[in-house]
Amino acid sequence: MLEDKPASLYSPPAREQALGALANATLDTLVVGAGINGAVAAAALAGCGAKVGVVDRGDFAGGVSSHSSNLAWGGIKYLESGEWRLVRKLCRSRNRLMDAYPSTVREIRFFTSIGKGFRMWSVFVWLGALLYWFMGSCRMAAPRYLTTGKIRQEAPVVAAEGVVGGLEYSDCYLYDNDSRFVFNFVRRAVDAGGLAANYLAVEGLEWLPDQSCWRATLRDRVTDRLMSLNAKSIVNATGPNTELLNESIGVATEHRHILSKGIHLIVDRVTDAAKVLTFFASDGRLFFVIPMGPKTCIGTTDTPVDDPSVGVTAADRDFVLANANALLNLPKPLTSEDVIAERVGVRPLAVAGDVAGRDWVQLSREHQVEVDSERAFLSVFGGKLTDCLNVGDELVSMIADLGVDIPNPNARWFGESGSGCRAKFMARAAAMELDKLTPDSASEPLSVRFWRRYDRAAFDLLDDIAADLTEAEHVLTGAEYTRAELRLIARREWIVDLSDFMRRRSKVSQVVRHEALLKDPGLEELASLLVGVSAAQQVAAFRG
Ligand SMILES: Cc1cc2nc3c(=O)[nH]c(=O)nc-3n(C[C@H](O)[C@H](O)[C@H](O)COP(=O)(O)OP(=O)(O)OC[C@H]3O[C@@H](n4cnc5c(N)ncnc54)[C@H](O)[C@@H]3O)c2cc1C
């Protein structure tokens, strides 16, 4: 899944500054890979006072972490395989995320219908949901049993023929998208003094003969230039590529990854219900119809693969469309013409020993961290977005155990700014009547959106808009980004390539058809705000 090289030689000032500081630096920890595991590692270590650098050979969250189902969930389905400990851990993790990110990690109802012949009676599934609710400390709305009559009445989009009952329960989802959630941890690391660079690949690691530290060789994939730095410890957070890096330097581990491919298709909204519709697909596995802004995201699949470089095949697409058409009451069946965008990634599942003959779907989704203490090298296996705070906490204490100085091991390294700061922001926004400037096409007031996306950095937006009201105008007709936001993103979010914004800092290219984006009168202005001098070249590349 290595992203193509960026379309131009553009490198924004924040990235250039980071590259300058990384070259020849001596770090406490170099984190290789900025998916969710690497991003939380960097945020946690920087927040606790370590000198940390995090690099990704593609864009931040350009790997698996931008292809998930966008759910922060306790893993109700793992109850079936008896993974009580994992479910309890994920539920607690989800609750922590919900408390720490009230604007971003939101409770949502899962509306589940169960077909005739399902492997369990629907009442048992409901009892499972009740247990799940208790395991999540009853923090969310209680589950309820649904008769077929209720399903017909409350969700007419669910094809009720052959349905014998159902249930509704709560879990959480990431309001914006997974990759923005991940990026905000990278940004948090930088705000705490860490260094971060995208499109910077680790090409070599050498444990120096005097045993004092690692020497890393990195390639800037924008200019192709090589640089090096020293680090007292390394966190290998390269997701599905963990073994590749380990093998290149002779690190042996008990765990390894096996890979499971999953896809989602994004189509026009199939229902206005703000719920995740949940089904058991024709292969017996969970199948979701998830609200995604103005669209609907449908999936997923679970297919064993050997190679992490995957794409959506016709068979994958047909499977998702066939199940959606069978499970939903739609005015006309969905076809591949209805697909606006696709998502595809591999779940890196951590396994140890021989897994031959074990039921594929029952393999644990728990993360594992292995430490080579002699060489201060940590490898992260598996994991989920939901579990990310645990990964960050664990890595801090493991790095401290290696003897690296962590000045403030108990510092709070995650979470939105406190309610006092939010109240101050909202009061200032109200005083300048910001929400009256909300464009008619917007789905929510500007103040709410600004705070959720940018946290305390959103104060800058108020200054810019107060100085010039046209800064509150949307630039693209098809997406909700004001001029002021794009300037802020250009300053703070390392946009090297237009796709970094379109696909990862935002979900624009997932919810607006490519043809519509190409025709959007704001495309040139958006590019010039985000990637300055390279705008014309990048728009040409975007147009293909
Ligand atoms: C279809 C699907 C649905 C999912 N749904 C959910 C969900 O709803 N909720 C949930 O909690 N989890 C979900 N997951 C699981 C979750 O998305 C993954 O477990 C998680 O994103 C993996 O993160 P990671 O950091 O390990 O890997 P990645 O995100 O792949 O990050 C690894 C990074 O390392 C970089 N890298 C590799 N080699 C180098 C190198 N040499 N130098 C520098 N950088 C390098 C890569 O470019 C990449 O960005 C889902 C997964 C899939 C596939």
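Predicted model, so just to flag it, every value in this text is computed and none were measured. Counting starts at 1 for both ligands and their atoms, following the listed order.
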Please could you name the atoms of ligand 1 that [X] approaches to less than 4.0 Å, counting only its heavy atoms?
X	answer
P240	30 (O)
G262	1 (C)
G33	33 (C), 34 (O), 35 (C), 44 (N)
A237	32 (C), 33 (C), 34 (O)
V32	40 (C), 42 (N), 43 (C)
T300	1 (C)
G345	53 (C)

Shortest reach to [atom] by a heavy atom, considering only [options]:
atom	options	answer
atom 17 (O) of ligand 1	A350, G239, S68	S68
atom 24 (P) of ligand 1	D178, D59, N37	N37
atom 33 (C) of ligand 1	N241, T386, D56, L385	D56

Below 30° counts as parallel, above 60° as perpendicular, anything between as tilted: where do the rings of [X] and [Y] land?
X	Y	value
Y101	F414	tilted
W494	F60	perpendicular
Y175	Y173	tilted
Y78	W73	tilted

Nearest heavy-atom neighbours spanning [X] and [Y]:
X	Y	result
G58	N198	O-CB, 3.4 Å
C213	K232	CB-CA, 4.0 Å
V105	C172	CG1-CB, 3.7 Å

[X] to ligand 1: N or O pair under 3.5 Å?
X	answer
V202	yes
G38	no
L71	yes
S260	no
I263	no

| task | To the nearest 0.5 Å, tell me how far D99 CG sits from R139 CZ. | result |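 Answer rounded to 0.5 Å: 4.0 Å.
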| field | Test of ring centre spacing under 6.0 Å for H264 and F288 | value | no
Heavy-atom contacts under 4.0 Å between [X] and ligand 1: side chain, backbone, both, or neither?
X	result
I36	both
H67	backbone
V380	neither
A72	neither

| Distance under 6.0 Å and angle within 45° of ring axis: R221 vs Y199 | no
| task | Tell me, please: is N70 in heavy-atom contact with ligand 1, that is, under 4.0 Å? | result |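 In this structure, N70 qualifies as a contact of ligand 1 - some heavy atom is under 4.0 Å.
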| query | Pick one: which of N323, T112, V289 meets side chain to side chain contact (heavy atoms under 4.5 Å, CB included) with F279? | reply |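 With F279 as partner, N323, T112, V289 yield a single side chain to side chain contact (heavy atoms under 4.5 Å, CB included), made by V289.
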| said: Would you say CZ of R85 has more than 12 non-hydrogen atoms from neighbouring residues, nucleotides or ligands within 6.0 angstrom? | reply: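 For R85, atom CZ is not crowded (no more than 12 foreign heavy atoms under 6.0 Å).
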